[in-house]
2 protein chains.
Amino acid sequence: MKFDKELIKGGTTMLILNLLSTGDMYGYQMVRELEKRSDNIFTLKEGTMYPILHSLESRGMVEAYWEDSDSGRKRKYYHITSKGKRLLNEKKKEWKIYSNTVNRVIGGAHLA
Amino acid sequence: MKFDKELIKGGTTMLILNLLSTGDMYGYQMVRELEKRSDNIFTLKEGTMYPILHSLESRGMVEAYWEDSDSGRKRKYYHITSKGKRLLNEKKKEWKIYSNTVNRVIGGAHLA
DNA sequence: ATCAATACATAGATTAAGGAGGTATAATTG
DNA sequence: CAATTATACCTCCTTAATCTATGTATTGAT
């Protein structure tokens with residue numbers, strides 16, 4: 001299914017950008033956060049997340065920086081850029097169109 | 001992104017089954033119908049639809065029969081079975097969970 | 001007569017996402 | 001203290017969904 005142009009294509013990207021829009025985070029934290037915020041409905045897989053994060057970085061949507069935690073453990077934090085915020089807004093718009101249309105089509109009272 | 005079990009996986013299948021739940025249809029007609037019902041947002045590609053239709057048939061979700069149109073042209077109609085209706089209902093439930101969760105996560109008023 | 005529309009179909013390419021595995025350190029538990 | 005679990009990063013390969021491209025054949029319109 002294609003939606004006019006490029007609708008949806010990568011809903012995970014939207015969720016990742018959305019997480020980062022609420023504050024800088026590191027990868028491992030994002031997995032837990034999304035689980036928490038979705039009441040364990042969504043499970044972000046590392047094999048899915050890290051490639052997306054690296055792709056977003058190379059496209060200038062996020063910026064990464066290393067920081068030490070209290071325990072001396074290294075963490076790679078990601079920060080959403082203004083370009084990334086624009087992408088997020090686009091994706092949200094697309095999601096609205098997509099989900100509203102699905103709901104209309106499947107829920108709709110259409111008489112033959 | 002995976003949703004607990006098998007959520008969503010093939011939203012196109014849901015839309016196709018949904019179309020058939022409103023009456024028997026032939027492939028070519030379904031393409032036009034979905035376009036119409038979605039105000040041209042969804043474009044069902046034949047290369048996507050036919051394989052799905054054949055898979056649904058082999059799994060007993062739909063049944064096919066040939067019929068001649070007025071113009072003598074052959075049409076292959078599809079009819080949703082009760083098994084197919086059950087599958088449709090499951091898919092709709094999954095869609096509700098999925099879309100509600102996305103909306104909660106991205107729209108949600110979460111304070112850090 | 002030619003072109004667009006109707007109507008079916010498949011093969012191969014593309015892409016998103018997941019599964020499985022790998023490295024390394026810190027915290028917990030027996 | 002040793003073993004396990006949790007933290008934290010990463011990549012390669014596969015699977016599955018979908019699209020692109022193509023093919024056949026008939027009918028209707030110009």
Side-chain angles (χ1 to χ4, degrees), chain A residues 1-17 24-36 41-59 62 64-78 91 94-95 98 102, chain B residues 1-17 24-36 41-59 62 64-78 91 94-95 98 102:
Chain A
M1 177 67 52
K2 246 256 290 307
F3 321 104
D4 219 17
K5 267 291 157 48
E6 291 264 295
L7 298 187
I8 290 322
K9 179 213 73 177
T12 307
T13 299
M14 176 179 69
L15 291 172
I16 286 175
L17 284 175
D24 292 5
M25 285 187 206
Y26 55 98
Y28 194 77
Q29 179 186 15
M30 298 175 71
V31 176
R32 317 262 152 267
E33 263 305 306
L34 186 60
E35 259 169 32
K36 209 176 87 186
I41 306 278
F42 294 151
T43 308
L44 190 52
K45 298 298 157 57
E46 300 188 31
T48 305
M49 178 189 62
Y50 285 115
I52 288 178
L53 240 19
H54 299 152
S55 153
L56 285 173
E57 190 182 6
S58 74
R59 289 188 288 145
V62 302
Y65 57 95
W66 286 93
E67 218 168 76
D68 289 1
S69 70
D70 301 343
S71 44
R73 203 190 288 281
K74 291 243 177 250
R75 286 166 178 170
K76 193 171 180 180
Y77 280 85
Y78 288 90
K91 294 231 159 276
E94 289 169 3
W95 162 251
Y98 171 61
V102 170
Chain B
M1 176 67 52
K2 246 256 290 308
F3 323 103
D4 217 15
K5 267 290 157 51
E6 292 263 294
L7 299 186
I8 291 318
K9 180 212 75 177
T12 307
T13 298
M14 175 179 70
L15 292 173
I16 287 175
L17 285 174
D24 293 5
M25 284 186 206
Y26 56 98
Y28 194 78
Q29 179 186 16
M30 298 175 70
V31 174
R32 317 264 154 266
E33 262 307 304
L34 187 59
E35 259 169 32
K36 208 177 87 187
I41 306 279
F42 294 150
T43 308
L44 190 52
K45 298 297 158 60
E46 301 188 34
T48 305
M49 178 189 63
Y50 285 114
I52 289 177
L53 241 18
H54 299 155
S55 154
L56 285 172
E57 190 182 6
S58 74
R59 290 187 287 145
V62 301
Y65 57 96
W66 287 91
E67 219 167 75
D68 289 2
S69 70
D70 301 342
S71 42
R73 203 191 289 282
K74 292 242 177 252
R75 286 167 177 169
K76 195 173 180 180
Y77 280 85
Y78 288 90
K91 294 233 158 272
E94 290 168 3
W95 161 253
Y98 171 62
V102 170

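Each chain gets a letter, A, B and so on, in the order its sequence line appears, and its residues count up from 1.
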>> Without decimals, in angstroms, what is the distance between Tyr77(A) OH and dA8(D) C1'?
In response: 11 Å
>> Less than 4.5 Å apart, side chain to side chain, heavy atoms only: is that true for Thr43(B) and Glu35(B)?
In response: yes
>> Output the rounded distance in Å from CG (Leu44(A)) to P (dA16(C)).
In response: 15 Å
> Between dT7(D) atom P and Glu33(A) atom CD, what is the distance in whole Å?
Replying inline: 13 Å
> What is the distance from CD of Glu57(B) to C1' of dC8(C), rounded to the nearest Å?
Replying inline: 13 Å
>> Assuming nearest nucleotide by heavy-atom distance, tell me which of Pro51(A) and Tyr26(B) is located more 5' along DNA chain C.
In response: Tyr26(B)
> If you look at every strand shown and take non-hydrogen atoms under 4.0 Å, does Glu46(B) touch a base, only sugar-phosphate, or nothing?
Replying inline: base
> Rounding to a whole Å, what distance do you find between Lys76(B):NZ and dT10(C):C1'?
Replying inline: 13 Å
>> In this structure, how many angstroms lie between the C1' atom of dA17(D) and the CD1 atom of Ile16(B), rounded?
In response: 12 Å
> Can you say whether the rings of Tyr77(B) and Tyr65(B) are parallel (under 30°), tilted (30 to 60°) or perpendicular (over 60°)?
Replying inline: parallel
>> If you apply the rule salt bridge (charged side-chain N to carboxylate O under 4.0 Å, His left out), what do you find for Lys74(A) with Asp68(A), and how did you get there?
In response: CA-CA 5 Å; Lys74(A) 291 243 177 250; Asp68(A) 289 1; 3.0 Å; yes
> To the nearest angstrom, how far is Asp68(B) atom CG from dC8(C) atom C1'?
Replying inline: 14 Å
>> Quick check on DNA chain C: between Ile52(A) and Arg32(B), whose nearest nucleotide comes earlier from the 5' end?
In response: Arg32(B)
> Would you say a side-chain N or O of Lys45(B) is under 4.0 Å from OP1 or OP2 of dA21(D)?
Replying inline: no
>> I want to verify a distance call: between dC19(D), dC9(D), dC10(D), whose nearest atom is closest to the His54(A) side chain?
In response: dC10(D)
> Roughly how far apart are Met14(A) CE and Glu94(A) CD, rounded to 0.5 Å?
Replying inline: 9.0 Å
> Given Leu34(A) and Ile16(A), is the side chain to side chain contact (heavy atoms under 4.5 Å, CB included) satisfied, shown in steps?
Replying inline: CA-CA 9 Å; Leu34(A) 186 60; Ile16(A) 286 175; over 6 Å; no
> Of Gly47(A) and Lys74(A), whose nearest nucleotide on DNA chain D comes first from the 5' end?
Replying inline: Lys74(A)
> Where the side chain of Arg73(A) is defined as all heavy atoms beyond and including C-beta, which of dC8(C), dT6(C), dA6(D) is the nearest nucleotide?
Replying inline: dA6(D)
>> For dT11(D) and Tyr50(A) - does any side-chain N or O of the residue sit under 4.0 Å from the phosphate oxygens OP1/OP2?
In response: no
>> For a quick test of reading the model: is some side-chain N or O of Ser71(A) closer than 4.0 Å to OP1 or OP2 of dT25(C)?
In response: no
>> If I take atom CG in residue Asp70(B) and atom C1' in nucleotide dA5(C), what distance separates them, rounded to the nearest angstrom?
In response: 17 Å
> dC8(C) phosphate, OP1 or OP2: any side-chain N/O from Tyr28(B) under 4.0 angstrom?
Replying inline: no
